[in-house]
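Here the structure comes first, spelled out in structure tokens, and everything after it is commentary.
Residue numbers count from 1 along this sequence. The shown structure was predicted, so the numbers you read here are calculated from the model rather than taken from an experiment.
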Amino acid sequence: MEISTLAIVDTIAGTALSLEAVPTPSNEVLELKKQNLVSHYVSILKKQIPTYKPMVKYLLAAGYLMKHDFIVPLLEEGLHVITKMRPDAILRYPYSGPKKTGQERPKAYDGKVDFNNVDKRHIKKFDEEEDA
């Protein structure tokens, strides 16, 4: 048996308050509910939002959950999701060049990110003093 635990962590005090522990459903149960495991986790978090939203801005999740179907619904709820990047993740640079005229779909990306050779032309430097 496996459980998922939702807890609020106080990083300053080094403590955590567990809000809910839910057993991970079997594949048969998920099929009956017409859910996958990711949507199951999203439903647990959305159900508890009234409890934790006044106290929480950031949600820390396992690397398995670095998926569009998990992150986007929680961003829409106003949460910031922090997770470990999956080893098979593909990041792409956004295209910011000139737009083509015509009926073709506009170019959205400007190549994949190679972590061993990052293209610094695509990286914007942020100044800490500007955020203050």
Side-chain angles (χ1 to χ4, degrees):
M1 176 173 259
E2 177 184 288
I3 63 168
S4 300
T5 304
L6 178 61
I8 294 178
V9 176
D10 183 341
T11 57
I12 295 170
T15 60
L17 171 65
S18 181
L19 295 178
E20 185 174 21
V22 179
T24 302
S26 66
N27 289 335
E28 292 83 19
V29 172
L30 289 172
E31 286 176 15
L32 286 173
K33 291 183 176 181
K34 297 183 179 176
Q35 283 187 321
N36 59 31
L37 199 52
V38 173
S39 61
H40 167 72
Y41 292 137
V42 170
S43 68
I44 292 169
L45 291 164
K46 282 189 166 187
K47 184 179 82 175
Q48 287 288 349
I49 279 183
T51 305
Y52 65 80
K53 183 75 186 279
M55 300 175 276
V56 173
K57 188 190 314 186
Y58 301 100
L59 175 73
L60 180 64
Y64 169 77
L65 296 170
M66 187 185 164
K67 299 180 181 198
H68 184 270
D69 293 342
F70 180 80
I71 293 175
V72 170
L74 298 174
L75 289 175
E76 290 171 352
E77 295 291 338
L79 293 169
H80 299 278
V81 180
I82 301 171
T83 184
K84 178 182 173 184
M85 190 179 332
R86 294 167 41 117
D88 62 346
I90 296 173
L91 300 181
R92 296 179 282 186
Y93 297 110
Y95 179 73
S96 59
K99 305 217 184 296
K100 290 184 180 179
T101 58
Q103 295 181 351
E104 293 180 13
R105 182 173 166 258
K107 186 174 181 179
Y109 302 106
D110 197 19
K112 290 182 183 179
V113 176
D114 176 4
F115 295 106
N116 295 321
N117 188 21
V118 176
D119 186 351
K120 294 189 170 119
R121 295 174 296 171
H122 293 279
I123 307 299
K124 179 180 175 187
K125 184 176 180 179
F126 293 93
D127 189 4
E128 291 178 15
E129 292 180 14
E130 288 180 13
D131 294 337

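- In this structure, F115 CZ and L91 CG are separated by 4.0 Å, a value rounded to the nearest 0.5 Å.
- Of the inter-residue distances, the one linking L37 atom CG with S4 atom OG reads 7.0 Å to the nearest 0.5 angstrom.
- Within a 6.0 Å radius of OH in Y109, other residues, nucleotides and ligands contribute 12 heavy atoms or fewer.
- Side-chain atoms of Y64 do not come within 3.5 Å of backbone N or O of V38 as any donor-acceptor pair.
- The two residues I49 and P54 make their nearest non-hydrogen contact at O-CD, 4.3 Å.
- In this structure the side chain of F70 reaches within 4.5 angstrom of the side chain of V81, judged on heavy atoms.
- Considering OH of Y41 and OG1 of T24, their distance stands at 4.0 Å, rounded to 0.5 Å.
- The side-chain contact (heavy atoms from CB on, under 4.5 Å) check on M55 picks up I8, with sequence neighbours excluded.
- A chain of hydrophobic side-chain contacts below 4.5 Å, direct or via other Ile, Leu, Val, Met, Phe, Trp or Tyr residues, connects L59 to M85.
- The two residues D110 and P94 make their nearest non-hydrogen contact at CB-O, 4.0 Å.
- V9 and L74 fall into different hydrophobic clusters, where Ile, Leu, Val, Met, Phe, Trp and Tyr side chains are chained together by heavy-atom contacts under 4.5 Å.
- With sequence neighbours left out, the ring-ring contact (aromatic ring centres under 6.0 Å, His included) criterion links Y95 to no other residue.
- The two residues V42 and P73 make their nearest non-hydrogen contact at CG1-CB, 4.0 Å.
- Atom CG of residue N36 and atom CG of residue N27 lie 10.5 Å apart, to the nearest 0.5 angstrom.
- Under the 4.5 Å side-chain heavy-atom criterion for ILVMFWY residues, a single connected hydrophobic cluster contains both L45 and L19.
- With rounding to the nearest 0.5 Å, the separation of CG in L75 from NE2 in H80 is 8.5 Å.
- A salt bridge does not link K67 with D69: every distance from a Lys NZ or Arg NE/NH1/NH2 to an Asp or Glu carboxylate oxygen is 4.0 Å or more.
- Residues L79 and V72 fall into different hydrophobic clusters, defined by Ile, Leu, Val, Met, Phe, Trp and Tyr side chains chained together at heavy-atom separations under 4.5 Å.
- Remark: side-chain polar atoms of K46 are not paired, donor with acceptor, to backbone N or O of E77 under 3.5 angstrom.
- Hydrophobic clustering, defined by side-chain heavy atoms of Ile, Leu, Val, Met, Phe, Trp and Tyr closer than 4.5 Å, groups L60 together with Y58, I82.
- The shortest heavy-atom contact between P25 and L30 is CG-CD2, 3.5 Å.
- In this structure, the side chains of M66 and K84 stay at 4.5 Å or more apart for every pair of heavy atoms.
- Under a cut-off of 6.0 angstrom, the local environment of NZ in K107 is crowded, with over 12 non-hydrogen atoms contributed by other residues, nucleotides or ligands.
- T51 OG1 to E20 CD: the interatomic distance, rounded to the nearest 0.5 Å, is 8.5 Å.
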